[in-house]
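Everything quoted here is computed from the prediction, not taken from an experiment. Numbers here simply count residues along the sequence, with the first being 1.
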Amino acid sequence: MLTTKALVGAVSFAIAVAVPWVTVSQVASPVPLVGAPAGAAHGSSDSSSSGGTHAEAGPHDWKAMDKTMAERDHSFPAKTKGRGGEFIKPTVLKDGTKQFTLTAKKIKWEVEPGKVVEAMAYNDMVPGPTIKVEVGDKVEVVLKNELDVSTVVHWHGVPIQNEMDGVANITQEPVTPGKTFTYKITAERQSVGWFHSHHDGSNQVPAGLWGTFLIGDVPLPANTQISQEIPIQLQDSGAIGLSLNGKSFPATEPVRVKKGESVLIHYVNAGTMDHPMHLHGLDQLVVAKDGFPIATPYKVDTVLVAPGERYSVLVKADRVGTWAFHCHIFPHSEGPTGMFGMFTEMIVS
């Protein structure tokens, strides 16, 4: 009996010792990466998940790729019909009120050469016109709805009376097709704001219904003179898609500046994603966030702009050259056929 118990105990001990080693051996064997194709393991050379390698596709494909990229990149700046975000002048009423008109309607908009989409636009442009007034101005904006759906205009980042805030069914009834509505605004303080539809906004805004609204001037460092004030409006979805001021590379517009000049840029993110805006070769001095002056401006080379945010940056053109200027999320600006989407250039001469 003792011998039998001893034998059983020895066998049990052997099994107990062996089981952990079996388990470790199983865990240590290669396992597929998350998102990798079935059968692909750590260290695997399988490239099917990225469309294969150039070597697999053929030894001379890189030449064709380089040619395609060069043709597209060298076509910049490509001409297209329409220019978005242009500054407009008001009609000055007898009492001094500055009156602007925004006519919302559907149009055909050329985002890049050959890519024409059905857009919703204010005043036949995407983005809509840029409105700039001075602190203390009395302002009226007349919305004329020539769409086949209702709409409204919200004044994002602009101090305003509640009944003028422009949110459908919250502060006003939707403006139905064929109707008009007049928004009355007192320009209380310096602001870098924007305006956009707040009625079916997930469709109407990326289709083109947005624009920039500026009140007064952003305070700048002492003795700073600017040669240009430029809104760069970001979009990433809907009919317009990945774009700067309503255009996709190679139809984006370059920023042209002479050496020694300073340019004030207002980033306005009208899209649905964060965009890290990177400028090669030149510093960006951040001077305001959402229109609020920054007490101690700071330098960066990349500004992360979240949806709805505005950043104002001062760029001094102190280095001659053609400087790449783009969203640093590469799938937003660069691919195997060349630059696209949210890419432009700052050209210093």
- Any side-chain heavy atom of F249 within less than 4.5 Å of one from T344? no
- Message: Rounded at 0.5 Å granularity, tell me how far CG in N223 sits from OG in S262.
- Response: 11.5 Å
- Query: Between Q235 (side chain) and A270 (backbone), is there a donor-acceptor pair under 3.5 Å?
  - Reply: yes
- Query: Going through the checks in order, is the side chain to side chain contact (heavy atoms under 4.5 Å, CB included) test met by R319 and V348?
  - Reply: CA-CA 7 Å; R319 296 174 186 268; V348 182; over 6 Å; no
- Query: Which pair of non-hydrogen atoms, one from N123 and one from P129, has the smallest distance, and what is that distance?
  - Reply: ND2-CG, 3.7 Å
- Task: Begin with the C-alpha distance, continue with both residues' side-chain angles, and end with the deciding distance and a verdict on side chain to side chain contact (heavy atoms under 4.5 Å, CB included) for H199 and V175.
- Result: CA-CA 9 Å; H199 181 74; V175 182; over 6 Å; no
- CD of E334 to OG1 of T337, rounded to nearest 0.5 Å, is 10.0 Å
- Could you tell me which non-hydrogen atom of M164 sits nearest to which non-hydrogen atom of F181, and how far apart they are? CE-CZ, 4.1 Å
- Message: Please give me the minimum heavy-atom distance between S150 and P174, naming the atom from each residue.
- Response: CB-CB, 3.7 Å
- Between H326 and H278, how do the two ring planes meet: parallel, tilted or perpendicular, split at 30° and 60°? perpendicular
- Query: Should V141 and W210 be regarded as members of a common hydrophobic cluster, given that ILVMFWY residues are connected when their side-chain heavy atoms come within less than 4.5 Å of each other, either directly or indirectly?
  - Reply: no
- Task: Measure across F76 and E253 and return the closest heavy-atom pair with its distance rounded to 0.1 Å.
- Result: CZ-C, 4.5 Å
- Do K247 side-chain atoms and E110 backbone N/O form a donor-acceptor pair below 3.5 Å? yes
- Query: Distance-only, no hydrogens or angles: does the E146 side chain make a donor-acceptor pair with backbone N or O of A104 under 3.5 Å?
  - Reply: no
- Check the hydrophobic clustering (I, L, V, M, F, W, Y; side-chain heavy atoms under 4.5 Å; chains of links allowed) and say if F100 and I215 are grouped together. yes
- Item | Nearest non-hydrogen partners of S243 and I240, listed with the distance | OG-CG2, 3.3 Å
- Would you indicate whether the side-chain heavy atoms of M120 and N203 approach each other to under 4.5 Å? no
- Test log, rule side chain to side chain contact (heavy atoms under 4.5 Å, CB included), inputs T151 and Q204: CA-CA 8 Å; T151 192; Q204 293 190 8; 2.8 Å; yes
- Message: Any heavy-atom pair between the side chains of P177 and L147 that's under 4.5 Å?
- Response: no
- Donor-acceptor under 3.5 Å (Q228 side chain, R256 main chain): yes
- Message: Looking at W109 and G246, would you say the former's side chain and the latter's main chain have a donor-acceptor pair under 3.5 Å?
- Response: yes
- Note on the structure: Taken to the nearest 0.5 Å, the spacing of K299 NZ from D283 CG works out to 4.5 Å
- Task: To the nearest 0.5 Å, tell me how far L93 CG sits from Q99 CD.
- Result: 4.5 Å
- Item | Joint cluster assignment, L279 & V305, ILVMFWY side-chain distance < 4.5 Å | yes
- Message: Between L264 and H266, is the side chain to side chain contact (heavy atoms under 4.5 Å, CB included) condition met? List the steps.
- Response: CA-CA 7 Å; L264 180 62; H266 303 295; 3.7 Å; yes
- Heavy-atom check, side chain of L244 versus side chain of F325, under 4.5 Å: no
- Query: Is Y267 reachable from L242 through a run of I, L, V, M, F, W or Y residues, each pair having side-chain heavy atoms under 4.5 Å apart?
  - Reply: yes
Side-chain atoms of residues 286-294: list all donor-acceptor pairs with protein atoms under 3.5 Å, sequence neighbours left out, distances to 0.1 Å.
from : atom 1 : to   : atom 2 : distance (Å)
K289 : NZ     : E309 : OE2    : 3.2
D290 : OD1    : R310 : N      : 2.9
D290 : OD1    : R310 : NH1    : 3.3

- Message: Checking salt bridge (Lys or Arg N to Asp or Glu O under 4.0 Å) between E112 and each of R72, K79, K81, which is the one that passes?
- Response: R72
- Which value, rounded to the nearest 0.5 Å, describes the distance between I226 atom CD1 and D217 atom CG? 7.0 Å
- Looking at side-chain heavy atoms only, is the closest gap between N245 and T252 below 4.5 Å? no
- Item | Sidechain-backbone polar pair: D73 side chain, M339 backbone, donor-acceptor under 3.5 Å | yes
- Message: In this structure, would V152 and I131 fall into the same cluster of hydrophobic residues linked by side-chain contacts under 4.5 Å?
- Response: yes
- Under-4.0 Å salt bridge between K179 and E173: no
- Would a distance-only check, ignoring hydrogens and angles, find a side-chain to backbone donor-acceptor pair under 3.5 Å from S333 to C327? yes
- Task: State whether the side chain of D236 and the backbone N or O of M273 hold a donor-acceptor pair below 3.5 Å, judged by distance alone.
- Result: yes
- Query: Given the side-chain rings of H332 and F330, with only the six-membered ring counted for Trp, is the space between their centroids under 6.0 Å?
  - Reply: no
- Got D200 and V149 here, is their nearest side-chain heavy-atom distance under 4.5 Å? no
- Parallel, tilted or perpendicular: rings of F195 and W155 (30°, 60°): tilted
- Message: More than 12 heavy atoms of other residues, nucleotides or ligands under 6.0 Å from CD of Q225: yes or no?
- Response: no
- Message: Please report the interatomic distance CE(M277) to NE2(H275), rounded to the nearest 0.5 Å.
- Response: 8.5 Å
- Strictly by modelled atom types, are N162 and T171 linked by a side-chain donor-acceptor pair under 3.5 Å? no
- Task: Please examine the side chains of V257 and S227, heavy atoms only from C-beta on, and report whether any two atoms are closer than 4.5 Å.
- Result: yes
- Message: Treating T103 as the side-chain partner and K144 as the backbone partner, does any N or O pair qualify as donor plus acceptor under 3.5 Å?
- Response: no
- If you look at every heavy atom in P219 and Q190, which pair is closest and at what distance? CD-OE1, 4.0 Å
- Item | By side-chain hydrogen bond (donor to acceptor under 3.5 Å, both in side chains) - contacts of Y311 (at least two apart) | none
- Using atom types as modelled and distance alone, determine if a side-chain donor or acceptor of H156 lies under 3.5 Å from a backbone N or O of G308. yes
- Of L102, V139, V153, D165, the residue whose pairing with Y183 passes side-chain contact (heavy atoms from CB on, under 4.5 Å): V153
